[in-house]
There are 2 protein chains.
Amino acid sequence: MEQLDERKEIILNAIIQNYLETGEPVGSRTISKSYLNLSSATIRNEMADLEELGYIVQPHTSAGRIPTDMGYRFYVDHLMAEKDKEVSQMQELMFEKTGKMEKLLKQVVKVLANNTQYASMILAPSVISNKVKFVQISNVDDNHVLSVVVMEGNLVKNRVIEVEKPLDNETMLKLNMLLNTNLNGLTVNDINLSLISNMKDQAGVHEEIVEQVLKSVADTITDDEDLEVYTSGATNFFKYPELSDSEKAKDLINAFEEKKPLAEFIQDVENESDETGIQVYIGNDSSIKTMKDCSVVTATYELGEGVKGTIGIIGPKRMDYANVLDNLKNLKSQLEKAVNGSPATDIVDSDSS
Amino acid sequence: MEQLDERKEIILNAIIQNYLETGEPVGSRTISKSYLNLSSATIRNEMADLEELGYIVQPHTSAGRIPTDMGYRFYVDHLMAEKDKEVSQMQELMFEKTGKMEKLLKQVVKVLANNTQYASMILAPSVISNKVKFVQISNVDDNHVLSVVVMEGNLVKNRVIEVEKPLDNETMLKLNMLLNTNLNGLTVNDINLSLISNMKDQAGVHEEIVEQVLKSVADTITDDEDLEVYTSGATNFFKYPELSDSEKAKDLINAFEEKKPLAEFIQDVENESDETGIQVYIGNDSSIKTMKDCSVVTATYELGEGVKGTIGIIGPKRMDYANVLDNLKNLKSQLEKAVNGSPATDIVDSDSS
DNA sequence: TGTTAGCACTCTAATAATTTGAGTGCTAAC
DNA sequence: GTTAGCACTCAAATTATTAGAGTGCTAACA
C-alpha cells in the first residue's frame with residue numbers, strides 16, 4: 001500500500017488539506033496554483049493515478065476529487081503534521097476540584113466539545129475491573145436502609161433499600177464489619193450469589209432481612225446504570241453540511257441521546273487501543289451504521305490500574321484530525337492528573353471567614 | 001373574547017381539529033364537506049369573521065386558514081374534548097421499583113416521550129423546600145471522608161472530602177451525632193455559616209479538619225448540581241416539519257441539551273400552576289425565544305409536602321393537546337403513587353433461591 | 001519520457017420561465 | 001341568510017436555460 005512516490009504523497013496531502021478546509025471537491029487547477037509549479041494537466045495525470053489506487057474519488061464525472069476512507073487513513077497515519085507540543089500544553093485548564101466524578105467528567109466533555117466543535121462523549125471509568133474500597137449500610141428511617149459503596153478512584157454508589165423494619169444496632173455493626181472484610185478489594189466480577197450466602201452464614205443472624213440487605217448491597221455494586229456516557233455538543237453535527245440534513249442529523253443525535261449503543265461501541269474500543277491509547281475510526285471502521293459518514297476518534301484514559309474510561313469525539317470524516325488528536329491527548333492527561341496526580345487541596349473555597 | 005356564536009365555535013373547532021391532523025392550512029371547502037351542511041361560500045363568510053376576530057389567519061392570500069396562538073388558546077380552554085378517563089387509566093404501567101430517584105425519573109420521561117412523540121423533560125423534585133432526613137460521615141481511607149445525606153423522599157446526595165488525615169473514631173461519632181441532631185428536618189435555606197460555626201463549637205474538637213468536614217457536609221446538602229432536568233426524545237422535533245429545518249431543530253435540541261435555561265423556565269412554571277398543576281404555554285407564552293413556534297405543556301407533581309417537581313413536553317403548536325394532557329395527568333399520578341403511595345415490596349427480585 | 005497547452009465534453013447548480021391548482025373574495029340570484 | 005359562479009391570487013411544482021468548474025484526451029514540446 002506504500003507505493004506512493006513523494007510527489008503523489010505531496011499531491012494527496014494537498015488535496016486532503018484543501019478538502020478539509022473548504023469541504024469542496026478539489027480540482028487540478030487549485031492544486032497546481034497553490035502548491036507546486038506543475039501544470040494542472042500534470043496534476044490531472046497524477047490524480048488519475050491516485051484515483052486508481054483508491055485514495056481519492058470524484059463525486060461525479062466533472063467534479064474535483066475528494067478523499068476516500070483509505071485516503072483519510074493514509075493522511076492520518078502518514079501525512080498529517082502533529083501540532084506543536086508546546087503550543088498545546090499551554091492551554092492548561094484547571095478543572096474545578098470536586099468530590100463528584102460525574103461533575104468532573106461533564107466538565108471535561110464540555111471542554112472537549114467546545115475546543116473541537118465536534119460532538120463529544122466520555123465514558124465513565126468502568127467498574128468491571130474496579131475494586132470495592134469501602135462499604136457501609138445504615139438505617140435511614142424505620143423503613144429504609146441506605147447502602148453506600150465507594151470504589152477505587154472514589155466512585156460512590158448508593159441505594160436506598162426498603163425494609164419491613166430497621167436493623168438493630170448490633171446486627172448493623174456486624175453486617176458492616178462483615179461487608180467490609182468480605183468485599184474489600186473485590187471487583188464486580190468477584191461478587192456472586194455464593195459469596196452472599198456465605199456472608200449470610202457468617203453473619204449468624206438468621207433473618208430474612210439480612211439476605212435482602214446483602215443482596216441489595218451486591219446489587220448496588222454491580223449496578224452500572226449510573227456509570228454512563230456523558231455527552232456534549234450533539235448539535236455540532238449541524239455545523240457540517242455533510243451531516244446536517246434532517247435524516248442523518250436525526251440519527252446521529254439520536255444515537256447520542258440513547259447512549260447505550262455508543263457506550264457499547266466505545267467499550268470495545270478500550271480493548272483495541274495501542275500504547276498511546278488513541279484510535280481513529282474512519283467511516284465504516286466504526287461498527288455503527290449511522291456513523292458511516294463520520295469519523296470517530298477516541299482516547300483511553302486510565303485513572304488507576306485497570307480503571308479505564310474512554311473519551312472521544314464524533315464528527316464528519318472531513319475533520320481537523322490534528323486538532324482533535326491534540327485535544328484528546330491533552331484532556332486525557334489532564335483528566336488523569338486531576339484524579340491521580342494533584343496534591344491535596346481544600347475543596348471548599350476559603351473566601352469566607 | 002367570548003363573542004363567538006355556536007356556529008363559529010363549531011367551525012373554529014373544525015378548522016383546528018383538521019389542522020392538527022393534517023398540518024395543512026384548511027380551506028372552506030374541506031369544512032363544508034365534512035362537518036356541516038353549509039356551502040363553502042357560507043363557511044368563507046364565517047371564516048372571514050373568525051379571521052377578523054383573531055382566531056385564525058391565512059399564511060398567504062390564496063391559502064386556507066390556520067389557527068393563531070389565540071385560536072389554539074381558545075381551543076385548549078373551551079373546545080377541546082378531554083380524553084375518556086377510563087381509557088386512559090387503563091394504561092397503568094408499573095415503574096421498576098428502584099432505590100434511585102434518578103432512575104425512576106428517567107423511566108418516566110422516557111415513557112412520556114414514547115407516548116406523546118414529543119420532546120419530554122422532567123425536573124427532579126426541588127430540594128429548596130426539602131428536608132434533611134439523615135446525615136452520615138465516614139472514613140473511607142486515610143485521605144478521604146465520605147459524606148452522605150438523605151433528604152425527604154429518599155434523595156441521596158454524597159461527596160468525597162479530601163482530608164489530611166482520617167478523623168479518629170471518637171470525633172467521628174461525635175460529629176455524626178451532632179450532624180443529625182442539628183441538621184435533621186432543616187431545609188437548604190436553613191443551613192448557613194453561623195449554624196456551621198455553632199456546630200463546630202458544640203463539637204468541642206478544635207481541629208481545622210472539623211470545620212472543613214462540616215462545611216463540606218453543608219456543601220453536599222446545598223449542592224443542587226445533580227438535581228437536574230432529565231430529557232428524552234429530543235429528536236422528536238424532526239417529526240414535525242414546522243420545527244425540523246436545521247436552524248430551528250438545532251436551537252431546540254440545543255436548549256434541550258443545555259438544560260439550564262429549560263430548568264429555569266420550568267421552575268418558574270411551578271409557581272404559576274393552578275389546582276390541577278397543569279399549564280399550557282402556546283407560542284410566545286413561554287419566555288424562551290427559541291420556542292416561539294412551540295407549545296409547552298407542563299404538570300407539577302408533588303412527592304411530599306413542598307417537594308415539587310415538574311414534568312412536561314415541548315412540541316409544535318400543532319399538537320395533540322388532548323393526548324398530551326391525558327398523558328401528563330396519568331404520569332403525574334403514577335409518579336406520585338410510585339414514590340408515596342405504594343406498599344413496601346421487595347426490591348431485589350426473588351427469582352433465585 | 002515527462003510536461004504542458006488546448007479543446008471538446010460532461011455534469012451540477014443556479015436561475016428563469018411555465019404550469020397547476022387550491023383557495024379566496026365578491027357579486028348577484030335564490 | 002345562503003349559495004352558485006367566476007375572476008383573481010399566489011405558492012409550489014415542473015421544466016428549460018444558462019453558466020461554469022472540471023475532466024480526459026491529444027498533440028506538441030523540452
Side-chain angles (χ1 to χ4, degrees), chain A residues 3-12 14-19 21-68 71 241-242 244-246, chain B residues 3-12 14-19 21-68 71 241-242 244-246:
Chain A
Q3 70 280 66
L4 293 187
D5 60 40
E6 194 183 353
R7 194 169 75 177
K8 283 200 173 57
E9 281 196 4
I10 291 173
I11 291 174
L12 179 57
I15 293 171
I16 296 182
Q17 289 270 358
N18 198 291
Y19 185 65
E21 278 167 33
T22 66
E24 299 292 319
V26 352
S28 54
R29 196 123 181 290
T30 319
I31 302 298
S32 139
K33 262 195 295 191
S34 34
Y35 293 87
L36 296 163
N37 27 16
L38 288 172
S39 79
S40 62
T42 310
I43 305 287
R44 275 205 287 286
N45 289 332
E46 294 286 38
M47 278 174 149
D49 290 352
L50 283 169
E51 176 152 16
E52 204 170 351
L53 291 170
Y55 292 100
I56 52 179
V57 278
Q58 291 180 282
H60 57 265
T61 328
S62 67
R65 305 309 212 281
I66 63 176
T68 58
E242 58 266 55
S244 69
D245 78 281
S246 280
Chain B
Q3 69 279 66
L4 293 188
D5 59 42
E6 195 183 351
R7 194 169 75 179
K8 282 199 174 59
E9 278 195 6
I10 290 173
I11 291 174
L12 179 57
I15 293 172
I16 296 182
Q17 289 271 357
N18 198 290
Y19 184 66
E21 278 166 33
T22 66
E24 299 292 320
V26 353
S28 54
R29 199 128 177 290
T30 318
I31 302 297
S32 139
K33 261 197 292 193
S34 33
Y35 294 87
L36 295 163
N37 27 16
L38 288 171
S39 79
S40 63
T42 311
I43 306 286
R44 276 205 287 286
N45 289 333
E46 294 286 38
M47 278 175 148
D49 290 352
L50 283 169
E51 177 153 15
E52 204 172 350
L53 291 170
Y55 292 99
I56 53 180
V57 276
Q58 292 180 284
H60 58 265
T61 327
S62 68
R65 305 305 213 285
I66 63 176
T68 60
E242 58 265 54
S244 69
D245 78 281
S246 280

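Reminder, nothing fancy here: chain letters follow the sequence lines and each chain counts from 1.
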Once Watson-Crick and G-U wobble pairs under 3.5 Å are found, how is DNA chain C written in dot-bracket notation, 5' to 3', with | for any base paired to another strand?
-> ||||||||||||||||||||||||||||||

Report which part of the nucleic acid Ser28(B) touches: base, sugar-phosphate, or nothing (heavy-atom distance under 4.0 Å, all strands).
-> sugar-phosphate

Begin from the C-alpha positions of Ile31(A) and Leu38(A) and carry the test side chain to side chain contact (heavy atoms under 4.5 Å, CB included) through to its verdict.
-> CA-CA 9 Å; Ile31(A) 302 298; Leu38(A) 288 172; over 6 Å; no

State the CZ-CZ distance between Arg44(A) and Arg29(A), to the nearest 0.5 angstrom.
-> 10.0 Å

Can you tell me if Thr68(B) uses its side chain to pair, donor with acceptor, with the backbone of Gly54(B) under 3.5 Å?
-> yes

Rounded distance (nearest 0.5 Å) linking atom CG of Leu50(B) with atom CD1 of Ile56(B) = 4.5 Å

Do you know which two heavy atoms are closest between Val57(A) and Glu51(A), and how far apart they sit?
-> CA-OE2, 3.8 Å

If you round to the nearest 0.5 Å, how far is CZ of Arg7(A) from CG of Asp49(A)?
-> 9.5 Å

By nearest-nucleotide position on DNA chain D, the 5'-leaning member of Val26(A) and Thr42(B) is Thr42(B)

Does the side chain of Leu53(A) reach to within under 4.5 Å of the side chain of Leu4(A), using non-hydrogen atoms?
-> yes

Distance, rounded to the nearest Å, where Leu38(A) contributes CG and dT4(C) contributes C1' = 10 Å

Contact list for DNA chain C against residues 60-68 of chain B - heavy-atom distance below 4.0 Å = Thr61(B), Ser62(B), Ala63(B), Gly64(B), Arg65(B)

Step by step, work out the side chain to side chain contact (heavy atoms under 4.5 Å, CB included) result for Lys8(A) and Asp5(A).
-> CA-CA 5 Å; Lys8(A) 283 200 173 57; Asp5(A) 60 40; 3.3 Å; yes

Are the side chain of Ser32(A) and the backbone of Ser39(A) linked by a donor-acceptor contact shorter than 3.5 Å?
-> no

Nucleotide range of DNA chain D contacted by chain B, 5' to 3', under 4.0 Å to a heavy atom?
-> dT2(D) to dA11(D)

Atom-pair distance (CD on Glu46(A); P on dT4(C)), nearest Å | 11 Å

Here the distance between atom P of dA28(C) and atom CG of Asn45(B), to the nearest Å, is 15 Å

Chi angles and distances behind the side chain to side chain contact (heavy atoms under 4.5 Å, CB included) call for Ile15(B), Tyr55(B) | CA-CA 10 Å; Ile15(B) 293 172; Tyr55(B) 292 99; over 6 Å; no

Sidechain-backbone polar pair: Gln58(A) side chain, Ala63(A) backbone, donor-acceptor under 3.5 Å | yes

